[in-house]
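Below: the structure, in structure tokens.
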Amino acid sequence: MPKEYRTIQEVAGPLMLVRGVEDVTFDELGEIELVNGETRRCRVLEIDGSNALVQLFESSTGINLSNSKVRFLGRSMELGVSEDMLSRVFDGLGRPIDNGPEILPDVRLDINGLPMNPTARNYPQEFIQTGISAIDGLNTLVRGQKLPIFSASGLPHAQLAAQIARQAQVRGTREPFAVVFAAIGITFEEANFFIESFRETGAIDRAVMFMNLANDPAIERIATPRMALTAAEYLAFTKGMHVLVILTDITNYADALREVSAARKEVPGRRGYPGYMYTDLASLYERAGRQKGLPGSITLIPILTMPEDDKTHPIPDLTGYITEGQIILSRELYRKGVTPPIDVLPSLSRLKDKGIGEGKTREDHANTMNQLFAAYARGKEAKELMVILGEAALTNIDRLYARFADEFEQRYVSQGYEVNRTIEETLDLGWELLRILPRSELKRIRDEYLDEYYDAREA
């Protein structure tokens with residue numbers, strides 16, 4: 001039976017100081033029993049001699065310093081996992097909230113996981129089809145990759161996240177595929193949108209959902225992504241599944257980290273965020289990947305809203321250092337009615353070359369991708385010139401490029417949130433758009449592909 005302490009010295013926001021403790025360790029889980037018999041959970045943040053600073057998972061309201069009791073449970077925070085988690089919805093601390101039965105766990109796992117040894121990692125190389133042309137065609141997602149989406153306040157990242165979760169699949173394999181979806185600090189309306197979207201399309205059958213709402217305690221936000229990644233590690237590395245993990249919104253997670261850091265009176269770093277935020281984010285992102293000798297994998301898409309649309313803000317800045325690229329949503333495209341408003345030029349998937357080509361997508365993929373990027377960039381320049389100098393100042397070829405840029409945005413990037421394109425449809429659409437330009441302009445594509453796809457289909 002755990003020893004009980006009635007030595008609560010102080011409660012300040014989400015933190016509580018307990019004096020005179022023995023054999024208590026960092027990160028250990030505890031329970032606070034109130035006078036009315038109610039119990040609340042906490043975990044140890046810091047040990048200083050016989051003093052323990054603990055972090056509350058729920059509100060501190062009602063905690064009486066002299067009458068409340070604290071028990072330390074001798075273990076860190078754990079999640080009971082089993083395959084029965086698929087098609088279920090949990091709160092941020094892993095408790096079912098879908099009126100279904102409790103999960104009977106196969107095993108209980110520490111939510112902090114174990115860092116993957118770099119030498120045990122397999123290189124990400126299999127293509128994941130999201131059904132979204134701007135990602136599949138130009139910024140390809142590869143199995144085992146970490147590819148964040150940088151959004152901004154008011155942009156439709158929720159719809160894009162739901163679309164990826166519904167449509168994503170590993171092609172050419174019958175291996176089981178699952179989605180682990182964690183919503184961090186979102187509104188009730190957003191949570192409802194995700195749950196209904198998954199249920200309507202049947203995607204819930206292969207999904208595990210963790211919902212942490214904006215009115216839940218900040219400290220729960222710090223546990224939510226770890227719960228989701230623990231479930232993902234079990235499904236991937238114990239059950240051999242391909243798992244896609246979507247975390248939205250990392251900005252709310254970082255704000256919770258800052259709130260707890262401020263309560264601990266730590267010296268703040270950039271913009272008030274703790275100096276260890278890089279390490280903390282890395283401890284989440286680096287749990288994605290593939291392990292040698294194991295069939296499963298974890299592919300991670302963290303979504304974050306950039307405060308003030310600022311790419312240099314600490315959250316997107318640090319995320320960009322840790323992950324392999326980024327998909328950036330554009331307010332300008334959103335105003336034009338482009339859905340999803342993915343800005344393909346500053347977006348980047350550093351592993352895209354590894355997941356495309358013959359046997360993975362199609363032999364012409366790399367050439368057409370480079371040509372589309374180049375043509376769109378030149379088309380945007382032509383449109384800027386048109387604004388400054390007027391259309392009459394443009395050459396005929398510049399007008400073609402300007403037309404290409406418009407068509408590219410309206411037909412290739414803008415496909416809506418319900419359309420699920422195969423990679424062949426995306427590549428064929430790319431060729432259709434490239435036919436706006438004369439063959440002599442397509443210098444990044446090998447002649448054999450031009451013969452097969454440009455000339456043959458034009459005829």
Side-chain angles (χ1 to χ4, degrees), residues 124 127-142 145-161 163-164 167-168 244 246-251 285 288 299-306 309-313 315-336 338-356 361 365-366 368-381 383 404-406 408-417 421 423 426-427 429-430 433 444:
F127 168 66
I128 290 182
Q129 180 175 290
T130 64
I132 299 163
S133 293
I135 297 177
D136 292 350
L138 302 171
N139 292 291
T140 314
L141 178 65
V142 181
Q145 186 176 0
K146 309 177 283 289
L147 186 63
I149 294 174
F150 288 4
S151 181
S153 179
L155 295 186
H157 48 270
Q159 287 90 325
L160 181 60
Q163 184 178 14
I164 293 171
Q167 296 179 178
L244 175 66
I246 298 176
L247 306 176
T248 181
D249 182 336
I250 292 294
T251 301
Y285 299 152
T299 306
L300 179 62
I301 299 183
I303 297 172
L304 56 92
T305 48
M306 299 179 287
D309 296 21
D310 180 8
K311 287 192 201 77
T312 66
H313 187 278
I315 306 169
D317 190 30
L318 297 178
T319 294
Y321 279 119
I322 304 164
T323 55
E324 292 110 14
Q326 68 279 331
I327 303 290
I328 296 181
L329 301 191
S330 155
R331 202 175 286 285
E332 184 193 343
L333 290 178
Y334 182 56
R335 287 195 187 111
K336 285 186 190 174
V338 173
T339 54
I342 295 173
D343 195 350
V344 297
L345 293 180
S347 296
L348 168 71
S349 168
R350 292 193 182 100
L351 298 178
K352 64 187 172 194
D353 298 339
K354 306 293 179 279
I356 62 175
T361 52
H365 191 158
T368 53
M369 174 178 73
N370 295 338
Q371 190 65 65
L372 286 166
F373 265 121
Y376 181 51
R378 179 148 174 210
K380 295 246 305 186
E381 279 175 26
K383 287 178 70 181
F404 172 87
D406 285 334
F408 179 79
E409 286 175 1
Q410 294 304 325
R411 295 177 56 199
Y412 193 96
V413 179
S414 188
Q415 64 178 74
Y417 300 110
R421 290 181 184 154
I423 187 60
T426 288
L427 291 170
L429 177 57
L433 292 170
R444 286 174 164 76

Residues Q129, T361; criterion side chain to side chain contact (heavy atoms under 4.5 Å, CB included); working and verdict: CA-CA 9 Å; Q129 180 175 290; T361 52; over 6 Å; no
Stepwise side-chain hydrogen bond (donor to acceptor under 3.5 Å, both in side chains) check, T130 with D136: CA-CA 6 Å; T130 64; D136 292 350; 2.8 Å; yes
Side chain to side chain contact (heavy atoms under 4.5 Å, CB included) evaluation trace for I132 with Q163: CA-CA 9 Å; I132 299 163; Q163 184 178 14; 3.8 Å; yes
Chi angles and distances behind the side chain to side chain contact (heavy atoms under 4.5 Å, CB included) call for I301, I164: CA-CA 10 Å; I301 299 183; I164 293 171; 3.8 Å; yes
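Side-chain contact between H157 and T248: present, with at least one pair of heavy atoms (C-beta onward) separated by less than 4.5 Å. Under the 4.5 Å side-chain criterion, counting only non-hydrogen atoms from C-beta, D406 is in contact with K383. The side-chain heavy atoms of L333 and I342, taken from C-beta on, include no pair separated by under 4.5 Å. Taking the side chain as every heavy atom from C-beta outward, K311 and I328 approach each other to under 4.5 Å. Side-chain contact check for I128 versus V142: every heavy-atom pair is 4.5 Å or farther apart.
To the nearest 0.5 angstrom, T312 atom OG1 is 10.0 Å from M306 atom CE. The CG atom of D343 sits 13.0 Å away from the CZ atom of F150 when rounded to the nearest 0.5 Å. A distance of 10.5 Å separates CG in L427 from CE in M369, rounded to the nearest 0.5 Å. Note that OH of Y285 is 7.5 Å distant from CG of L300, once rounded to the nearest 0.5 Å. Within the model, atoms OG of S151 and CG of D249 stand 8.0 Å from one another, a figure rounded to the nearest 0.5 Å. The distance from atom CD of E324 to atom NZ of K354, rounded to the nearest 0.5 Å, is 11.0 Å.
Side-chain atoms of T140 never come within 3.5 Å of backbone atoms of G355 as a donor-acceptor pair (strictly under, hydrogens ignored). The closest donor-acceptor contact from the side chain of T368 to the backbone of H365 lies under 3.5 Å.
Considering every non-hydrogen atom in both A288 and K146, the closest pair reads CB-CG, 3.8 Å. Summarising the geometry of P156 relative to P341, their closest heavy-atom pair is CG-CD, 3.8 Å, with the distance given to 0.1 Å. Shortest non-hydrogen contact noted between A134 and V344 is CB-CG1, 4.0 Å. The nearest pair of heavy atoms linking L141 to T299 is CD1-CG2, 3.8 Å. Between S330 and L155, the shortest heavy-atom distance links the atoms C-CD1, 4.1 Å. Of all non-hydrogen atoms in Q415 and G131, the two that sit nearest each other are NE2-O, 2.8 Å.
Residues satisfying the salt bridge (charged side-chain N to carboxylate O under 4.0 Å, His left out) criterion with D353, sequence neighbours excluded, are absent altogether. Annotation: side chain to side chain donor-acceptor pair (under 3.5 Å) contacts of Y376 (sequence neighbours excluded): E409.
Applying the side chain to side chain contact (heavy atoms under 4.5 Å, CB included) test between I303 and each of I246, L160, I250 identifies I246 as the sole match.
At a cut-off of 3.5 Å, with distance as the only test, a side-chain donor of Q145 or S349 sits close to an acceptor on the other residue. Side-chain atoms of T339 and Y417 form no donor-acceptor pair, as typed in the model, at a separation below 3.5 Å. No hydrogens or angles considered: nothing links the side chains of S347 and N139 as a donor-acceptor pair under 3.5 Å. For the residue pair T426/R421, the side-chain donor-acceptor check at 3.5 Å is not satisfied.
Atom CZ of R350 sits in a crowded spot, with more than 12 heavy atoms from other residues, nucleotides or ligands closer than 6.0 Å. Other residues, nucleotides and ligands contribute over 12 non-hydrogen atoms within 6.0 Å of the NZ atom of K336.
Ion pairing of D309 with R331 is present here, as a side-chain N (NZ or NE/NH1/NH2) and a carboxylate O approach within less than 4.0 Å.
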